[in-house]
Peer 1: 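Quick one: structure below, then a few questions.
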Amino acid sequence: MSKINMATVLLIGAIALTGCSSDDNEAGNESAATPSTVSVPTKTPETPDAPEVAESETAVAVAERLKASVPTISAITEVTETNDSNGLIGRPGQYTSAAWIADTAADPSETGVDGGAVVEVFATPEDAQTRSAYIQETLASLGPAFGTEYHHLDGAVLLRVSGVLMPSQAIVYEQAFTE
């Protein structure tokens with residue numbers, strides 16, 4: 001192994017072991033650092049221009065707003081780590097909260113979009129757009145036998161409405177969502 005490669009391996013190893021240290025010294029104590037260690041902040045500073053979803057703007061809050069205007073909504077279920085059939089809640093780039101909306105015009109006994117609609121809230125509008133594009137591209141490639149969805153975006157919030165609903169019913173969702 002060349003001297004450069006060996007030095008790189010040793011530097012990476014030293015950095016990795018620093019994170020595993022059981023030393024009770026403060027993380028920011030620069031006097032304890034050796035020339036081969038790097039201080040890494042445990043929390044990244046918040047950027048003032050970073051888009052944020054209001055704390056009250058959870059998926060359940062959005063779904064409750066929709067329920068006030070969409071008479072066919074029969075129930076709202078908060079998606080958690082335990083019941084998330086996609087296993088995406090809280091994962092990097094995925095939704096931070098979600099709610100299933102049961103609609104009597106679809107199959108309200110089903111979960112997810114098959115039951116009527118889903119509200120998904122993301123950390124950023126870009127994550128919401130990426131999720132929407134992924135679902136639409138996947139459905140388009142599989143063909144109409146695998147279903148369709150109406151998608152509506154508002155910042156970091158994605159509303160997915162089942163294609164089983166009539167277009168006029170989907171418009172009621174859209175109007176309630178954009179109010």
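This structure is a prediction, so every number in the text was calculated from the model and none was measured.
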Peer 1: Rounded to the nearest 0.5 Å, what separation is found between the OG1 atom of Thr138 and the CD atom of Glu149?
Peer 2: 10.0 Å
Peer 1: Where does the angle between the aromatic ring planes of Phe122 and Tyr95 fall among parallel (under 30°), tilted (30 to 60°) and perpendicular (over 60°)?
Peer 2: perpendicular
Peer 1: Given Val157 and Phe177, is the side chain to side chain contact (heavy atoms under 4.5 Å, CB included) satisfied, shown in steps?
Peer 2: CA-CA 10 Å; Val157 181; Phe177 185 62; 3.7 Å; yes
Peer 1: Donor-acceptor check, side chain of Gln94 to backbone of Arg91, threshold 3.5 angstrom: yes or no?
Peer 2: no
Peer 1: When you measure from the side chain of Asp84 to the backbone of Glu81, do you find a donor-acceptor pair of N or O atoms at a distance under 3.5 Å?
Peer 2: no
Peer 1: Heavy atoms only: give me the nearest Ala156-Ala123 pair and the separation to one decimal.
Peer 2: CB-C, 4.5 Å
Peer 1: Find the distance between CG (Leu158) and OG1 (Thr130) and round it off to the nearest 0.5 Å.
Peer 2: 11.0 Å
Peer 1: Measuring from Glu174:CD to Leu159:CG, what's the distance to the nearest 0.5 Å?
Peer 2: 9.0 Å
Peer 1: Nearest heavy-atom pair of Gln169 and Ala105: which atoms, and what distance?
Peer 2: NE2-CB, 3.0 Å
Peer 1: Hydrophobic clustering (ILVMFWY, side-chain heavy atoms < 4.5 Å, transitive) - are Leu139 and Val164 grouped together?
Peer 2: no
Peer 1: Taking all non-hydrogen atoms of both residues, which atom of Ala106 and which atom of Gly115 are closest, and how far apart?
Peer 2: CB-O, 3.6 Å
Peer 1: I need the Glu64 CD to Thr58 OG1 distance, nearest 0.5 Å.
Peer 2: 9.0 Å
Peer 1: Looking only at heavy atoms, what is the nearest atom pair of Ala99 and Ile76, with distance?
Peer 2: CB-CG2, 4.1 Å
Peer 1: Within the side chain of Ser69, is there an N or O that forms a donor-acceptor pair under 3.5 Å with the backbone of Leu66?
Peer 2: no
Peer 1: Does one hydrophobic cluster hold both Ile73 and Tyr150, with members joined at side-chain heavy-atom distances below 4.5 Å?
Peer 2: yes
Peer 1: Given Ser132, which partner from the list Arg160, His151, Glu137 fulfils the side-chain hydrogen bond (donor to acceptor under 3.5 Å, both in side chains) test?
Peer 2: His151
Peer 1: Check whether Asp107 reaches the backbone of Ser109 with its side chain - one donor and one acceptor, N or O, closer than 3.5 Å.
Peer 2: yes
Peer 1: Between the main-chain N or O of Asp103 and the side-chain N or O of Thr72, is there a donor-acceptor pair closer than 3.5 Å?
Peer 2: no
Peer 1: First locate atom CE of Met166, then atom CD1 of Ile171, and finally report the distance between them rounded to the nearest 0.5 Å.
Peer 2: 11.0 Å
Peer 1: Atom OG1 in Thr111, atom CD1 in Ile101: separation rounded to 0.5 Å?
Peer 2: 13.5 Å
Peer 1: Would you call Glu57 and Arg65 a salt bridge, using N to O less than 4.0 angstrom?
Peer 2: yes
Peer 1: Between the side chain of Thr96 and the main-chain N/O of Val121, is any donor-acceptor distance below 3.5 Å?
Peer 2: yes
Peer 1: Any idea which heavy atoms bring Val118 and Val113 closest together, and the distance?
Peer 2: CG2-N, 3.2 Å
Peer 1: How close do His152 and Ala170 get, heavy atom to heavy atom, and via which atoms?
Peer 2: NE2-O, 4.3 Å
